[in-house]
S.K.: 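There's a structure below that I have some questions on.
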Amino acid sequence: MSEEKVRARMRELVDEISHHDTKYFVEDNPEVSDYEYDMLVNELRALEAEHPDMILPDSPTQRISGKPLDEFPQVEHKVAMLSLGNSYSPDELREFDARVRKWLGGEKVEYIVELKIDGLGIALVYKDGMLVRGATRGDGRVGEDVTTNIKTIRSIPLRLKAGSLLRTVEVRGEVYMPTDGLRRLNKEREAKGEPLFANPRNAAAGSIRQLDPRMAASRPLEAYFYTLSYSDGQIPDTHEKALEAMKGAGLRVSPQTTKHQSIDKVLEHIASWETKRDSLDYEIDGIVVKVNSLAQQAKLGYTAKEPRWAIAYKYPPKQMTTKLLDIQVQVGRTGALTPVAILEPVGVGGVTVTHATLHNEDEVRRKGLKIGDFVLVERAGEVIPQVVKPIVDRRTGDEKEFRMPHTCPVCGSKAVREEDEAVRRCVNASCPAQIKERLIHFCSRTAMDIEGVGPSLVDQLVEKGMVKDASDLYGLTKDDLLQLEGIADKSSQNILDAIGASVGRDFANVLYALGIRHVGRTTADVLAEAMGSMDKLESASVEELSRVEGIGLVVGGAIRSFFDDPRNRKLVESLGKAGLRMEATRKAGGPLSGKVFLFTGELESMSRADAQEAVEALGGRVASNVTKAVDFVVVGRDPGSKAGKAKSMKKAILEERAFLEMVGKV
Ligand code: IVH
């Protein structure tokens with residue numbers, strides 16, 4: 001790069017970083033993720049290291065950035081509150097370890113590993129055991145006096161435990177908002193039309209810097225302490241003992257702190273937290289690795305902004321900015337039109353994100369999104385990616401408003417929005433998009449669990465008119481499947497087997513698979529147990545349904561209107577004919593439990609209904625078609641074609657007498 005180009009790039013980076021500093025430290029409203037910010041700073045540092053003579057006087061690397069708000073009294077930190085260096089890969093952490101060992105001339109090193117909580121750094125001063133001051137980090141040198149607000153956090157002791165070794169001390173730690181609390185707070189803010197907090201750090205910072213302490217008091221804040229920065233008493237000789245002393249004084253210290261004898265062990269531990277982090281009730285953005293011995297810490301000392309004895313290991317970022325290329329509208333199985341964000345692919349939390357649901361038209365409006373915007377995308381835990389907000393300052397004027405269509409984008413029918421609903425729905429129940437989504441749901445793992453029948457196969461089956469509803473799946477033949485693209489002999493057999501095997505699923509699975517609005521898997525289980533059969537369910541009134549525990553008028557109404565539709569009743573009937581369970585197994589554990597019978601021809605000693613009852617009384621089931629699930633075929637007088645089919649499928653054939661013996665009727 002020419003000198004001129006280097007200078008220009010440095011200027012650009014300095015301006016950009018300063019802008020983000022104001023957004024982050026002063027306004028608590030960052031526009032980019034920490035990771036993206038760190039990358040800018042890294043690039044600037046690298047350029048400055050190569051061209052030290054060209055460092056700009058206002059470069060953020062030349063000071064510890066940030067500005068305290070004017071409203072709070074300022075406090076000077078007697079010992080600067082430094083930040084931590086970051087590492088993003090095992091190699092970088094190994095380099096840190098190598099540096100530490102080199103500085104210590106080969107001494108044995110022990111590391112303490114802590115979680116890096118995504119919150120706000122604070123310093124508390126206790127005098128003679130009494131809490132006298134709480135301050136934010138601010139720019140590291142000067143922070144804000146937020147004592148009154150700190151005192152509203154109930155887990156922070158106003159007085160250290162009597163008898164503790166700590167009397168006049170300064171301790172440092174992190175104030176944070178647990179995930180649940182943040183979710184609740186954001187719900188309340190949404191209801192009031194207030195802007196949402198994009199992450200727990202912003203929420204904690206925004207809360208602790210509330211000018212009205214009553215507001216701060218209402219926020220669910222917590223704190224963990226990790227540094228004993230001053231003590232008038234004896235100072236322990238390891239970080240581990242300092243943590244113990246703080247704990248002994250009644251300060252909250254994270255229980256997730258471990259000690260390791262080598263960097264390899266540290267790395268193993270870090271890897272284990274990468275997934276475990278999702279089970280915590282607060283967010284962490286990484287892990288902090290600290291040299292345990294305080295004598296060694298002192299030897300290692302500090303650079304201008306960071307300790308040489310500690311480093312942060314950052315997990316892949318959970319937030320990134322990317323471009324919102326388009327908003328497309330998808331049609332779900334209940335006809336709901338859902339706007340979906342089409343994103344320029346971006347890595348978030350270790351996976352590439354290309355789509356994110358925007359839920360409904362109100363959500364798009366509330367977030368103020370326009371097509372072409374740069375947006376902040378977040379993926380928290382296992383949760384599906386979310387578009388957090390647009391970066392309004394990056395707009396060029398070419399962005400386009402999104403308009404929710406009033407017709408279905410797939411079939412062109414009217415899409416209407418009921419008065420009390422947030423979603424708009426395509427009114428055409430035969431809309432191909434709805435049919436496909438209903439089928440995909442029907443075959444899904446928690447429903448009928450039909451392996452191999454996924455979106456692309458369903459697409460073809462519907463396009464070719466082979467399947468109009470779920471019951472058609474059970475009539476598919478090998479010849480049908482062989483007509484489809486990408487289906488060879490073997491896979492067609494596997495698909496037929498999977499469809500056949502699904503016949504044996506529980507009644508609750510069948511109920512859930514129907515895709516009745518508001519009937520999720522748990523509700524389906526409850527209903528199956530309480531109502532016992534499809535017949536009962538079909539004829540139940542809303543009042544009867546809502547008497548079932550956990551079922552209210554809304555769910556009851558949805559079930560009633562499902563069965564009031566003749567098309568749905570016909571579907572249920574066809575599924576019954578295909579042999580799907582329409583009753584909860586009455587005699588679980590009976591001698592015929594799990595066995596499936598099929599009758600063909602007339603029995604001499606009893607009616608078909610009595611025979612069915614005899615089977616069910618012993619825990620068995622009766623199917624109406626020969627499928628893979630059938631165990632016994634009972635052949636009476638004048639059997640139909642099913643007898644031949646059963647023979648060719650090598651099913652066990654029972655004459656009437658053998659059947660009667662089996663059910664104990666002789
Ligand atoms: S030690 C000089 N330990 O991360 C050492 N910091 O990116 C300073 N943080 O400003 C901090 N958890 O606000 C330390 N277990 C932990 C931490 C932690 C979160 C925050 C802290 C610090 C920032 C640096």
Side-chain angles (χ1 to χ4, degrees), residues 21 24-25 28 30 33-35 37-38 41-42 64-66 68 77-88 92 96 100 111-124 134-144 146 150 170-178 199-205 208-209 221-230 239-240 242-243 246-247 251-260 266 269-270 273 277 280 282-292 294 296-298 300-315 317:
D21 278 346
Y24 186 89
F25 288 107
D28 281 329
S33 66
D34 291 359
Y35 177 79
Y37 174 87
D38 291 346
V41 174
N42 286 353
I64 304 174
S65 61
H77 297 298
K78 293 226 163 55
V79 183
M81 282 183 88
L82 297 181
S83 169
L84 286 168
N86 289 323
S87 58
Y88 300 93
E92 283 178 73
F96 162 79
V100 165
Y111 291 113
I112 297 290
V113 176
E114 296 167 1
L115 303 186
K116 187 170 188 300
I117 301 165
D118 194 14
L120 182 76
I122 51 154
L124 304 186
T136 63
R137 175 168 175 264
D139 65 4
R141 219 174 27 81
V142 178
E144 298 135 318
V146 288
I150 288 284
E170 192 202 59
V171 292
R172 293 177 180 178
E174 205 77 1
V175 165
Y176 66 92
M177 189 175 289
N199 55 50
R201 200 207 81 86
N202 288 354
I208 212 67
R209 293 155 98 198
L221 293 176
E222 280 294 353
Y224 271 132
F225 293 89
Y226 45 70
T227 305
L228 177 60
S229 41
Y230 170 82
H239 178 58
E240 186 184 22
L243 292 175
M246 289 194 285
K247 202 166 150 196
L251 291 159
R252 235 170 142 247
V253 171
S254 167
Q256 319 287 4
T257 300
T258 48
K259 186 163 71 173
H260 305 269
V266 169
H269 184 72
I270 287 176
W273 270 105
R277 64 193 286 214
L280 290 167
Y282 50 86
E283 292 263 344
I284 59 170
D285 57 349
I287 294 280
V288 186
V289 183
K290 298 174 178 174
V291 169
N292 191 20
L294 298 191
Q296 287 183 336
Q297 285 191 4
L300 287 158
Y302 298 83
T303 69
K305 21 181 340 187
E306 301 153 5
R308 287 200 193 86
W309 46 265
I311 194 164
Y313 182 95
K314 294 291 205 78
Y315 285 121

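Whatever order the structure lists ligands and atoms in, that order sets their numbers, starting from 1.
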S.K.: Give a yes or no on whether the ring-centroid distance for F96 and Y313 is below 6.0 angstrom.
M.R.: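 No, they do not, as the ring centres are separated by 6.0 Å or more.
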S.K.: In chain order, what residues pass the side-chain contact (heavy atoms from CB on, under 4.5 Å) check against E306, with sequence neighbours excluded?
M.R.: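 If we apply the side-chain contact (heavy atoms from CB on, under 4.5 Å) test to E306, skipping adjacent residues, the hits are R45, T303.
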S.K.: Only counting residues at least two apart or in another chain, list the ones meeting side-chain hydrogen bond (donor to acceptor under 3.5 Å, both in side chains) with K247.
M.R.: none
S.K.: Would you call D285 and K116 a salt bridge, using N to O less than 4.0 angstrom?
M.R.: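 Salt bridge flag = yes for K116 with D285.
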S.K.: Once side-chain contact (heavy atoms from CB on, under 4.5 Å) is applied, do any residues pair with S229, and if so which ones, sequence neighbours excluded?
M.R.: E170, R172, T227
S.K.: Is R137 reaching over with its side chain to a backbone N or O of I122, donor-acceptor style, under 3.5 angstrom?
M.R.: no
S.K.: Do any nitrogen or oxygen atoms of ligand 1 lie under 3.5 Å from a protein nitrogen or oxygen, and which ones?
M.R.:
| residue | atom | partner | partner atom | Å |
| --- | --- | --- | --- | --- |
| ligand 1 | 3 (N) | K290 | NZ | 3.0 |
| ligand 1 | 4 (O) | K116 | NZ | 3.1 |
| ligand 1 | 6 (N) | Y226 | OH | 3.4 |
| ligand 1 | 7 (O) | K116 | NZ | 3.1 |
| ligand 1 | 9 (N) | E174 | OE1 | 3.4 |
| ligand 1 | 9 (N) | Y226 | OH | 3.4 |
| ligand 1 | 12 (N) | I117 | N | 3.3 |
| ligand 1 | 13 (O) | E174 | OE1 | 2.7 |
| ligand 1 | 13 (O) | E174 | OE2 | 3.3 |
| ligand 1 | 13 (O) | Y226 | OH | 3.3 |
| ligand 1 | 15 (N) | E114 | OE1 | 2.8 |
| ligand 1 | 15 (N) | L115 | O | 3.2 |

